[in-house]
Amino acid sequence: MIAIILAIVLGLVMISMAIAALTAYRVRAAVLASGIVSLIASIIYLLLAAPDVAMTEAAIGSGLTTIIFFYVLNKIRRSDV
Amino acid sequence: MYKNMFIILLLAGFGLLLGSFLLTHHEYLSLPQLPAYYADNTAPEVGAANVVTAVVVTYRGFDTLGEVTILFVAASLIAMFLKHSKAPRHDRHPRPSSVILSTSQKLLFPLIVLFGAYVFANGHLTPGGGFQGGAIIATGFLLLLMANPQAEFKHGLLNAIESISGTSYVIIGILGAILGLGFLDNRFISLGQLGTLFSAGAIPVIYSLIGLKVGAELSNILHHLNEVQNEE
């Protein structure tokens with residue numbers, strides 16, 4: 001029962017973060033919001049008894065992808081597109 | 001107007017799809033045929049305590065080889081496009097990272113790499129495996145690069161780890177075909193006792209090689225991206 005309530009709360013936070021990523025004015029905030037979506041997705045995978053998928057999602061989805069977005073964003077700003 | 005109509009139609013279709021899934025969903029009281037086969041036969045046939053790993057590395061081993069190849073091609077293309085140009089190098093002077101980040105990096109980096117090695121070496125016993133362990137090791141290197149953006153890795157070493165482990169993976173697959181029952185068969189090394197570290201034949205070897213390869217590839221991508229930040 002607690003797991004279901006936790007999953008519903010996390011799902012609501014996830015959807016609101018996804019909407020924030022779409023509507024955010026600054027790109028940096030949008031990248032951070034999409035990182036949070038991945039982080040919460042990894043917790044939900046853990047609740048759904050898929051720990052190996054959760055590990056991949058936490059490391060790649062919220063860790064590496066967010067930072068790669070920041071690297072590319074910095075590079076694009078520098079070369080002034 | 002038309003755009004809004006389109007979005008509403010798309011959402012309604014998605015809702016209909018999910019609703020029909022929800023209405024027709026029922027719990028299986030027993031496992032369907034294919035999962036039941038894996039659940040019953042993994043331990044005697046493959047000798048791995050973790051069924052997911054047995055499926056990924058032996059029953060569907062050829063697909064894993066394909067995934068590793070895709071990652072290799074992606075890493076090589078990134079290295080090709082982000083090659084060091086001869087453009088005048090613009091020395092970057094980033095703000096020094098905070099004391100909290102640099103101190104915790106020194107403490108956490110060895111622990112993260114150790115945890116990644118644990119995850120891929122125990123892939124046949126506990127959840128996780130080569131890809132997960134490699135990704136965890138790469139996040140350790142990411143922490144290193146964030147705390148010290150001027151850090152230099154040895155590209156040659158990373159490339160050597162990557163190519164040696166990739167080649168050994170294919171060689172082990174061919175050894176399975178010669179000594180065992182087929183390509184990527186794990187039974188040419190003795191299966192050992194179920195649930196111990198040295199069990200499941202070639203699975204721990206294959207998963208350790210995949211872990212090293214994925215970790216080296218992802219760290220290399222991160223280092224390439226970090227390096228080109230210095231150029232104009």
Side-chain angles (χ1 to χ4, degrees), chain A residues 1 3-4 7-8 10-12 14-23 27-28 31-32 34-81, chain B residues 7 50-53 55-56 67 71 74 78 81-82 85 87 90 92 94 112 115-116 118-120 122-146 149 207 211 214-215 217-232:
Chain A
M1 192 62 205
I4 295 175
I8 290 172
L10 286 174
L12 288 177
M14 197 170 147
I15 291 171
S16 57
M17 277 300 148
I19 293 171
L22 284 176
T23 56
V27 187
R28 264 181 291 174
V31 171
L32 278 182
S34 67
I36 296 172
V37 170
S38 294
L39 198 63
I40 296 173
S42 77
I43 302 172
I44 290 180
Y45 286 137
L46 201 61
L47 291 177
L48 290 171
D52 26 11
V53 188
M55 259 186 243
T56 319
E57 182 75 38
I60 293 183
S62 63
L64 298 183
T65 314
T66 313
I67 298 299
I68 287 178
F69 268 133
F70 277 127
Y71 274 143
V72 174
L73 207 60
N74 186 30
K75 192 71 188 160
I76 290 173
R77 291 260 169 77
R78 195 82 59 80
S79 54
D80 200 24
V81 175
Chain B
I7 292 173
N50 183 357
V51 182
V52 179
T53 298
V55 173
V56 169
E67 280 172 36
L71 196 61
I78 288 175
F81 279 114
L82 297 183
S85 62
H90 158 86
R92 187 167 52 135
I112 292 176
F115 179 61
Y118 169 83
V119 166
F120 67 63
N122 282 283
H124 56 303
L125 304 175
T126 52
F131 288 101
Q132 288 86 349
I136 290 170
I137 289 180
T139 52
F141 280 100
L142 176 65
L143 190 64
L144 186 75
L145 281 178
M146 277 166 72
Y207 244 4
V214 171
E217 262 161 6
L218 293 177
S219 314
N220 228 345
I221 291 176
L222 286 172
H223 190 225
H224 274 300
L225 281 168
N226 185 53
E227 250 177 1
V228 293
Q229 305 289 315
N230 288 332
E231 288 168 6
E232 267 305 299

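Bear in mind the structure is a predicted one, so any value in this text is a computation, not a measurement. Residue numbering restarts at 1 for every chain, and letters A, B, ... go by the order of the sequence lines.
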| field | Where Ala59(A) and Ile136(B) come nearest, the two heavy atoms and their spacing | value | CB-N, 4.3 Å
| query | Given a strict heavy-atom distance threshold of 4.5 Å, which part of Leu143(B) is in contact with chain A: side chain, backbone, both, or neither? | reply | neither
| request: Kindly check if the number of other-residue, nucleotide or ligand heavy atoms within 6.0 Å of CZ (Phe69(A)) is above 12? | output: no
| request: Mind checking the CD1-CD1 spacing from Ile68(A) to Ile221(B)? Nearest 0.5 Å is all I need. | output: 6.5 Å
| field | Residue pair Ala135(B) / Ile60(A): nearest heavy atoms and the distance that separates them | value | CB-CG1, 3.7 Å
| request: Of all the heavy-atom pairs spanning Leu142(B) and Gly63(A), show the shortest one and how long it is. | output: CD2-O, 4.0 Å
| message | For the CG atom of Leu225(B) and the CD1 atom of Ile67(A), what is their distance to the nearest 0.5 Å? | response | 11.0 Å
| field | For Tyr71(A) against Leu222(B), the heavy-atom pair lying closest together | value | CE1-O, 4.2 Å
